[in-house]
Amino acid sequence: MKKGSHKYIFVIGGVMSGVGKGIAVSSIGKILQGRGFRVNAVKVDPYLNVDAGTMNPTEHGEVFVLSSGLECDQDMGNYERFMELPLGPDDYVTSGMVYRYVIEKERNLGYKGKCVEAMPHIIDEITRRFKKAAEASGSDVSIIEIGGTVGDYQNIMFIEAARVLNLKNPDDVIFVIVSYLPVPGTLGEMKTRPTQTAVRMLNSYGVQPDIIIARSAVPLDQKRKEKIAISCNVYADNVISAPDIESVYDVPLNFEKDKMGDLLLKTLKLKTRVKKDGLGPWRSFVSRIKSSVEEVNIAIIGKYFDTGDFILSDAYVSVIEAVKYSAYKVGKKPKLVWLNAKDFESGSKSVSELKQYDGVIVPGGFGESGIEGKLKVIQYARENKIPYFGLCYGMQLMVVEYARNILGLKDANTTEIDPATPYPIIDIMPDQKKNLEEGKYGATMRLGSYKAVLKQKTIAREAYFADEITERHRHRYEVNPAYVAKIEEAGLVFSGTSPDNVLMEIAELPRVIHPFFLGTQFHPEFLARPLTPHPLFTEFIKAAVENSTINKKKKE
Ligand code: GLN
C-alpha cells in the first residue's frame, strides 16, 4: 500500500456496553484479512489505570497478557484469537498511559515551557500512539475500539483524537458505531430510538458514523434499516443486522451475510486483494463447531465467579476458549461447568462429585480464598485418575498437594498463603520479594513470553513435538529450587524448565501412573487459537475423552 494511505476504522459503542463491540472489531479484522489485508487491532480503555494488571478479575474479567508482557483487557484476547495475530505493546492504549506520558514529558521540560493542555497535547499523544501502533505492526488497516459508550465522560478525548485524524485524512478514516436495538417484552416491537439518540450524540462531537452495526436479539427488518438510515444519515446498506447468535465465531460469517466485507472496502476506498473467499478455513472451523455433538465434560474450579446474583465466567475466558478449540479439534462438544473452590473448602460440596466430569482444570489465581478447596480437588483427581490440568496457580498447588500427600511434608505450602510454612514448596524469588517490599505492584510480575526447554519422553514433549517452546507468563511465585530434587525423586517430573534449569515450567506425572496430571507455570490458554488449538489443551482433552469412554463402559 502506498505511503500515507494507511486506513483507520474507529469502532464506538452506542446505547449500552456489553453488546459485543470487541467481537465486532475482531470480526471486521477477520473479514479484512480474508480480503488480503494486514490488520492490527487497538483497544482503547478510557480508565486511569496504566494497564489492566492491578484490576480485580471478578469485576473486570480476565487480564490478558501479550507476548511483550503488557497486561490488558480481555478484548485483546478476542482480537488475537479471531485474527490469529500476535498484538504488540502499542496496540493497547489507556488514559493512564496517555496522561502518565504527557505529565512525565512536562516534568522533563519536554513541552519547552508551554502550558500543557488536553487540546492539543493529550489529543496529539493519543494520535501518536495510534500511528505508532499502525507502523509497528506494518498493517494496512488499523481497527481501533474506543472503550465505553458514546456519552461517557471518559472516552471523549479519544473520540476527539479520532475526529481530528479524520479531518486531516478524510479518505483514510471511517467510523463504525455498534448500537443496540431493544425489543421490549411489553411491546414486542424493535425500537430504533435509542440508536438515533446515540448517533445524534456522536454527531454532537463532530463525528458521523459511516456504518451502523445494529445489535439486537433478532435480525433487523428492511423497514427498521431504512428508518435508522434516514434518521442517522447513512445509506440503508450501511446498516448491518447483527442478531444474537449461538457462537461468537459465527459473527464474521453473519456480517458477511449483510455484505460487510464489500461495504468496508467501498467505504475505505480499497479493492480486494484476493480472488477467492479468504474465510474458507474459518467456515470449516464454524461448521466443525456445529457438527460436534458428543460431549466432553470439563469442570473448571475457580473463584472469580460471583457478582451479586450472577455467575460470570469472564475471568476465565481464554481458558474456556482454549478448551473449546481442542474439543472441536477432536470432534467433541465441550460442556463446561464452573465449580466454586470455596464450596469444596467449606465442605458444602464433596470432591466425590468430580467423578461425573471427564476432566478437571484449576486455572490461575491469587491469594488465599478457596485454596484448601483446590488442594482437595487436585488430590481427588490425582488419586482417582481424573485428567487434571493446572494452569499457573493450578500447577503450583499441584506441586504443593504432591509435597503434602506423597512426600509427607505436612503443612507444605506456597509462601503466598503461608509465609511461615515449614516447607515453602512454592516461594517468591528475591527480585520479586523486593518489588513487594517496595510496594511496587503494577507490571512487576514475571510477565510475557519466556522460553522453556522440554524433557524427552514426557507428555509435554510429545504434545508440543518440539524441544523448546515459548509461552506467556503472569505470576510472582515459583517452584522453590531447593525442593526440586526431592519432588522428582518422589515421582513428579518437571518436564519443562527455563533454559538455565532454575525455574520449573511444567510438572507432570508419567502416563503409566496417571492418564494426565499436568500443570504449567505459564498460561498456555493465551496462545490457543481457533484454527491452531494449543497442544497441551488438546492432549488434556484427548485424555478426558478417553476417561469419558472408560466412564461410559463402566456404567454399561
Ligand atoms: N498467585 C500465583 C503467583 O503469583 C499464581 C499466579 C497465577 O495463577 N497467574 O505466582
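Whatever order the structure lists them in is the order used to number ligands and atoms, beginning at 1. In this text, all values refer to a predicted model and were calculated from it rather than measured experimentally.
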query: Does His475, backbone or side chain, put an N or O under 3.5 Å from an N or O of ligand 1?
result: no
field: Aromatic plane relationship, Phe389 with Phe537 - under 30° parallel, 30 to 60° tilted, over 60° perpendicular
entry: perpendicular
message: Out of all atoms in ligand 1, which are within 4.0 Å of some heavy atom of Glu416? Include the element for each.
response: 1 (N), 2 (C), 3 (C), 4 (O)
- prompt: If you count the atoms of ligand 1 from 1 in the order shown, which ones are under 4.0 Å from a heavy atom of His523?
  reply: 9 (N)
task: Could you tell me whether some N/O pair between Arg476 and ligand 1 is separated by less than 3.5 angstrom?
output: yes
Atom 7 (C) of ligand 1: the protein heavy-atom neighbour that sits closest, reported with distance to 0.1 Å: Cys392 SG, 3.0 Å
field: Reported OH-to-OG1 distance for the pair Tyr328 and Thr538, which is rounded to 0.5 angstrom
entry: 13.5 Å
- prompt: Does NZ in Lys329 sit with more than 12 non-hydrogen atoms of other residues, nucleotides or ligands closer than 6.0 Å?
  reply: no
message: Among all protein heavy atoms in this structure, tell me which lies nearest to atom 9 (N) of ligand 1, with the distance rounded to 0.1 Å.
response: Arg474 O, 2.8 Å
- request: Report yes if the side chains of Phe82 and Val248 come closer than 4.5 Å at any heavy-atom pair, otherwise no.
  value: yes
message: For atom 5 (C) of ligand 1, tell me which residue out of Gly390, Pro363, Gly365 has the closest non-hydrogen atom.
response: Gly365
statement: ligand 1 atoms nearer than 4.0 angstrom to some heavy atom of Gly364 are 8 (O)
field: Partner of Val93 by side-chain contact (heavy atoms from CB on, under 4.5 Å), out of Glu125, Arg129, Lys43
entry: Arg129
- prompt: Do Tyr464 and His534 have ring centres separated by under 6.0 Å?
  reply: yes
task: Please check if any side-chain donor atom of Tyr249 sits under 3.5 Å from a side-chain acceptor atom of Tyr325, or the reverse.
output: yes
query: ligand 1 and Leu391, any nitrogen or oxygen pair closer than 3.5 angstrom?
result: no
task: Give the residue and atom name of whichever protein heavy atom lies nearest to atom 10 (O) of ligand 1, and the separation in Å to one decimal.
output: Tyr477 N, 2.8 Å
